[in-house]
Amino acid sequence: MSDLASNLDKLASILDRYRNTGLSNLIDGKSCPSVTGRTFETASPVDESVICSVARSNDADIDAAAKAAKGAFPAWRDTPAADRQAILHRIADAIVDRAEEIALCECWDTGQALRFMSKAALRGADNFRFFGDRALSARDGQMLPSPTLMNVTTRVPIGPVGIITPWNTPFMLSTWKIAPALAAGCTIVHKPAEFSPLTAHLLAEIAHDAGLPAGVWNLVNGYGEEAGKALTEHPDIKAIAFVGESKTGSMIMAQGAPTLKRVHFELGGKNPVVVFDDANLDRALDAAIFMIYSLNGERCTSSSRLLIQETVADAFEARLIERVNKIRVGHPLDSTTEIGPLIHKVHFEKVTSYFDTARREGATIAAGGSRHGDKGWFVNPTLFTDASNDMAIAQEEIFGPVLTMIRFSDEEDALAKANDTPYGLTGYIWTNDVTRAMRFSHQLEAGMIWVNSENVRHLPTPFGGVKASGIGRDGGDWSFDFYMEQKHIGFATGQHKIPRLGA
Ligand code: NAD
């Protein structure tokens, strides 16, 4: 049996569990349908077939979940850090045990290739272990004495938080937000993307089985404009951690304003990979291809703009075209596949509309630029050349396997083009001149920069964007800055004179 056939077999037996029951919500430790009983269907981008029904929740479901999270908060906040650490480790262990099941579901629900999703599931386990271990020191404070006061600081969890996640690598991204929130002592209401609810369900199931007390982790499915909006507006929810599009972030900020929500946003990007002529061009080529065509290009940190120095551009372009044409598009559960289908029809139409945009703007479609097959939302990996930085294909986030190549003359020109977008998530610089690398990375407007490397995530480092790419940082201790409040307590030494009014 080919590995595709055997993976499809395994998937069928996993999905059998949900075919009749559908995906419910998890509120206060209980599995429940939406209050109205309404559902929607989730479909696979591979063949457009319906996977199962999903609870379509509204403000009443969110209210029940927020109340459960509020009720569970004091006990979870006061649970010893070592106990929270132990539970987070149990969740990590269960993710490892069920990694294959998670990866198969993720691929079928999102169209991502198995070769990447197997690793993404395990990265989810790493997130729980990493933040679980940090639970022990999350509340440590400082001693900041002054002549008359012994000042101390401590950190306390902010309260119940809302976590809203997108459909791209949804399992890993959910763990990336939920693990630090739980480690800090917050309780959560998670609203996963309507297009990829399967693995959020598995994750909540795992957490429940790991012995998490009822109400600590609540899962509410539904549409963004219904359940998502209600979550951002709920007065018991103290903060919203959101990953998604920049324009949704802006809506959430407005929706959360009346209740003064703290927000953390991981948003879109149009990230440059800047290749100078003195770079190791073989490695630069591998990294540029990997960073845009892996994960179907549905990746916030993708290097969707290639800025290449004119002196080496022709040769680099020829090698790029050859390689892009060889990328294997296919069934996501086939282990040889490098690109699977895009998430859904509307997104497919958005991505493919840029093929016409590129033609209209006068760029060349040097590879791809077409649908792949006639079923499912597959596109051929695409390369636009002869592009300038002011074109829509260079400014807007396409969020698919589509690379726009732009030439530059010198460092000054490269920097001006690199910074000339509304976004500022990541940047990738390829040069063997270390002084230039330092100068350029200092001036590049991005939250994360890699020099002579693709994006290699290291959990203790800060992750986040500037400009339209985000607000706040995750990773290391930065995550706790969001999920916790700093508290100052001053103990008087009795040595200062207290002003006496009315004496
Ligand atoms: P999206 O903004 O459409 O949806 C994200 C989530 O927000 C979904 O759960 C959706 O239901 C919800 N939502 C939509 N409208 C809402 C509203 N009015 N109120 C509350 N919630 C609402 O994003 P998407 O299309 O699912 O994801 C792709 C986007 O995410 C891309 O722009 C990508 O760059 C970005 N992203 C960023 C990062 C990062 O780390 N910066 C990581 C992954 C994805």
Side-chain angles (χ1 to χ4, degrees), residues 40 42 45 54 56-59 62 109-112 120 123 162-177 189-197 199-200 219-234 237 240-257 259 261 263-271 292 295-304 342-348 350-351 396-400 421-426 446-448 455 457 462-475 478-479:
F40 63 94
T42 183
V54 186
R56 178 174 166 183
S57 312
N58 64 14
D59 50 354
I62 289 291
D109 209 12
T110 66
Q112 294 288 342
R123 275 184 65 190
I163 292 177
I164 302 179
T165 47
W167 47 256
N168 68 308
T169 50
F171 182 82
M172 200 289 290
L173 283 172
S174 301
T175 65
W176 177 231
K177 294 292 178 189
V189 178
H190 180 206
K191 208 299 281 170
E194 49 272 50
F195 299 108
S196 56
T199 55
L219 169 71
V220 181
N221 287 290
Y223 294 138
E225 57 274 21
E226 290 177 355
K229 182 168 181 289
L231 183 57
T232 62
E233 292 173 342
H234 201 286
I237 297 294
I240 295 286
F242 168 73
V243 187
E245 280 195 49
S246 303
K247 66 174 191 307
T248 315
S250 156
M251 277 195 281
I252 288 177
M253 200 176 235
Q255 291 162 192
T259 48
K261 286 280 182 303
V263 292
H264 186 147
F265 289 162
E266 289 182 19
L267 308 174
K270 192 71 183 178
N271 311 300
I292 180 65
L295 302 179
N296 299 349
E298 295 169 315
R299 176 180 197 161
C300 56
T301 52
S302 72
S303 57
S304 47
L342 298 176
I343 182 79
H344 56 70
K345 182 169 187 274
V346 176
H347 188 58
F348 169 87
K350 175 190 158 180
V351 171
E396 295 170 13
E397 187 185 45
I398 299 174
F399 217 57
T421 74
Y423 297 104
L425 189 58
T426 62
M448 297 167 283
N455 172 342
R457 188 78 195 101
F463 184 102
V466 300
K467 295 158 75 177
S469 289
I471 296 175
R473 294 292 177 274
D474 262 319
W478 286 278
S479 295

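In each ligand, atom 1 is the first atom listed, and ligand 1 is the first ligand listed. Fair warning: this is a prediction, and the values are worked out from it, not measured in the lab.
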Considering only heavy atoms, which of [options] lies nearest to [atom]?
atom                    : options                : answer
atom 19 (N) of ligand 1 : E226, K270, Q255       : Q255
atom 26 (O) of ligand 1 : Y223, W167, W176, F463 : W167
atom 42 (C) of ligand 1 : G465, C300, S304       : C300
atom 29 (C) of ligand 1 : G269, P166, G244       : G244

Check your understanding: Above 12 or not: heavy atoms from other molecules or residues under 6.0 Å from NZ of K229?
Key -> no
Exercise for review: Could you verify whether a donor N or O on one side chain and an acceptor N or O on the other, from K467 and S469, lie under 3.5 Å apart?
Suggested key: no
Starting from [atom], find the nearest protein heavy-atom neighbour and note its residue, name and distance.
atom                    : answer
atom 37 (C) of ligand 1 : L267 O, 2.9 Å
atom 28 (C) of ligand 1 : F399 CE2, 3.6 Å
atom 20 (C) of ligand 1 : G228 C, 3.2 Å
atom 31 (C) of ligand 1 : E397 OE1, 3.5 Å
atom 15 (N) of ligand 1 : T248 CG2, 3.4 Å
atom 40 (O) of ligand 1 : E266 OE1, 2.8 Å
atom 8 (C) of ligand 1  : T165 O, 3.4 Å
atom 17 (C) of ligand 1 : G224 O, 3.5 Å

Those atoms of ligand 1 less than 4.0 Å from some heavy atom in [X]:
X    : answer
L173 : 43 (C)
L425 : 41 (N)
N168 : 43 (C), 44 (C)

Tell me which part of [X] gets within contact of ligand 1: side chain, backbone, both or neither, using heavy atoms under 4.0 Å.
X    : answer
L231 : neither
R299 : neither
E298 : neither
I252 : side chain
E194 : side chain
I164 : side chain
F195 : neither
P192 : backbone

Review point. Do any non-hydrogen protein atoms sit less than 4.0 Å from atom 4 (O) of ligand 1?
Key: no
Ligand 1 and [X], any nitrogen or oxygen pair closer than 3.5 angstrom?
X    : answer
K191 : yes
M251 : no
T232 : no

Review point. In this structure, which one of K191, K177, H264 forms a side chain to side chain contact (heavy atoms under 4.5 Å, CB included) with I163?
Key: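 By the side chain to side chain contact (heavy atoms under 4.5 Å, CB included) criterion, I163 pairs with just one of K191, K177, H264: K177.
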Exercise for review: Please name the residue in the list N455, N271, T426 that meets the side chain to side chain donor-acceptor pair (under 3.5 Å) test with T301.
Suggested key: N455
